[in-house]
Protein chains: 2
Amino acid sequence: MAHLNEIKLDGEVVFQGKILRVERDRVKLEDDTEAFREVVRHSGGVCVLAVTEQDEILFVKQFRYPHAQVTMEIPAGKLEYGENPEECGKRELLEECGCTAEKFAYMGKLFPTPAYDSEVIRIYLAEGLHFGNQSLDEDEFLDVEKIPFERAVEMVLHDEIPDSKSQIAILKYAVIRQNQA
Amino acid sequence: MAHLNEIKLDGEVVFQGKILRVERDRVKLEDDTEAFREVVRHSGGVCVLAVTEQDEILFVKQFRYPHAQVTMEIPAGKLEYGENPEECGKRELLEECGCTAEKFAYMGKLFPTPAYDSEVIRIYLAEGLHFGNQSLDEDEFLDVEKIPFERAVEMVLHDEIPDSKSQIAILKYAVIRQNQA
């Protein structure tokens, strides 16, 4: 076996839900011993750092059941199977914030938790915003807030925005802007 | 029901693994309708941004089975139940990199994927490093690399470090340093 490699021997789907599939695989390690890997399979996600003409960031406030608390996150959503990530980002921005964008640019990707989850989230920067009406999913409730960019950076630094994708998008944009200044 | 709240009505554990428990809960939404929430329960994690005297960052290169690729991540690990997060960070830094630190400071937390996962990862900054020997778990294989801090920031900006906790730790430290400059 090659160094830093693992090969699937066999596995089973232990849960097939609406948004998650969970697998338990038996793998061969590089020293030819065996181990089990528990893996959450997810279709992937997209998030959008949407910046207004007044240099504000759009946030959605929503209840996050796993943490039993309301979080501030940038608009985001799950990729439908086969959906183009950029189209997904535009769709979520429109559904959650009632917003379209003249400019939409790829900013990078993240693996939220690569040890046990296959999800990949892609980040887009949206500028030149035009506002209309929200159209949420039937089990989705959220409020939209605009926060000045510099305040959003402070909130990340002060541990007030725990969501990983939101932290990365805001901090990355801050470093890019500082590099350009 | 209050705005932006959900209440558990009942639920079942659909998978109990070694590192993950998966639950499927029936919840009441704010408009009194019902929905199901699929939730991954995880004990939480800790990661460490370890900075050498030469302003290098310690990385571990390891195979990540869910993504079937080798990733560059800062040292990290899973909280044992009841373990103090700071002690966990020190333990992982020692196990993965053979390293102790004179200074160990909290840098913030992240929810990797708050829509469906309860995991919270805490970030620590480690400085004043002393190097000894790795002591890895029996199913753990990884290489340690040192990368100059400015190069690590470039790697994040160029989408070469997908891991969320590593991106956040590096970008946050970059913004803090730029603010102090």
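These numbers were taken from a predicted model, which means no experiment stands behind them. FYI, side chains are in, hydrogens and waters are out, and symmetry mates aren't considered; it's all heavy atoms of this structure. Within every chain, numbering begins at 1; the chains are lettered A, B, ... in the order of the sequence lines, protein sequences first and strands thereafter.
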Is there a chain of hydrophobic side chains (I, L, V, M, F, W, Y, each step under 4.5 Å between heavy atoms) that links [X] to [Y]?
X: V46(A); Y: L129(A); answer: yes
X: Y124(A); Y: V60(A); answer: no
X: V144(A); Y: L94(A); answer: no
X: L9(A); Y: F36(A); answer: no
X: F149(A); Y: L157(A); answer: yes

[options]: which one forms the most heavy-atom pairs within less than 4.5 Å of chain A?
options: V27(B), L20(B), T113(B), L110(B); value: L20(B)
options: E23(B), K18(B), Q62(B); value: K18(B)
options: R24(B), K165(B), R41(B), E34(B); value: R41(B)
options: V153(B), N5(B), V70(B), T71(B); value: N5(B)
options: S118(B), S166(B), P114(B), G17(B); value: P114(B)
options: I121(B), D143(B), N179(B); value: D143(B)

Counting only heavy atoms not in [X], do more than 12 fall under 6.0 Å of its [atom1]?
X: R37(A); atom1: CZ; answer: yes
X: N133(A); atom1: CG; answer: no
X: K103(B); atom1: NZ; answer: no
X: E12(B); atom1: CD; answer: yes

Kindly give the heavy-atom pair with the smallest separation between [X] and [Y], and that separation in Å.
X: P112(A); Y: S164(B); result: O-OG, 2.7 Å
X: Q167(A); Y: I168(B); result: OE1-CG2, 3.1 Å
X: P66(A); Y: V39(B); result: CB-CG1, 3.8 Å

Contact origin within [X] toward chain A - heavy atom pairs under 4.5 Å:
X: H158(B); answer: neither
X: Q69(B); answer: side chain
X: K78(B); answer: neither
X: V175(B); answer: both

Chain B contact via [X] - which portion, at a heavy-atom distance below 4.5 Å:
X: K8(A); answer: both
X: T33(A); answer: neither
X: Y116(A); answer: both
X: V22(A); answer: side chain
X: Y106(A); answer: side chain
X: E73(A); answer: side chain

Calculate, to the nearest 0.5 Å, the distance between atoms [atom1] and [atom2] belonging to [X] and [Y] respectively.
X: E38(B); Y: F15(A); atom1: CD; atom2: CZ; value: 4.0 Å
X: E119(A); Y: D117(B); atom1: CD; atom2: CG; value: 9.5 Å
X: I7(B); Y: F63(A); atom1: CD1; atom2: CZ; value: 8.5 Å
X: L4(B); Y: K61(A); atom1: CG; atom2: NZ; value: 7.0 Å
X: Y65(B); Y: L29(A); atom1: OH; atom2: CG; value: 11.0 Å
X: E6(B); Y: R64(A); atom1: CD; atom2: CZ; value: 9.5 Å

Q: Please confirm whether the backbone N or O of A115(B) pairs with a side-chain atom of H67(A), one donor and one acceptor, at under 3.5 Å?
A: no

Q) Between H3(A) and F141(B), is the ring centre distance below 6.0 Å? A) no

Q) With respect to chain B, which residue among V156(A), L171(A), V40(A) yields the maximal number of heavy-atom pairs within a distance under 4.5 Å? A) L171(A)

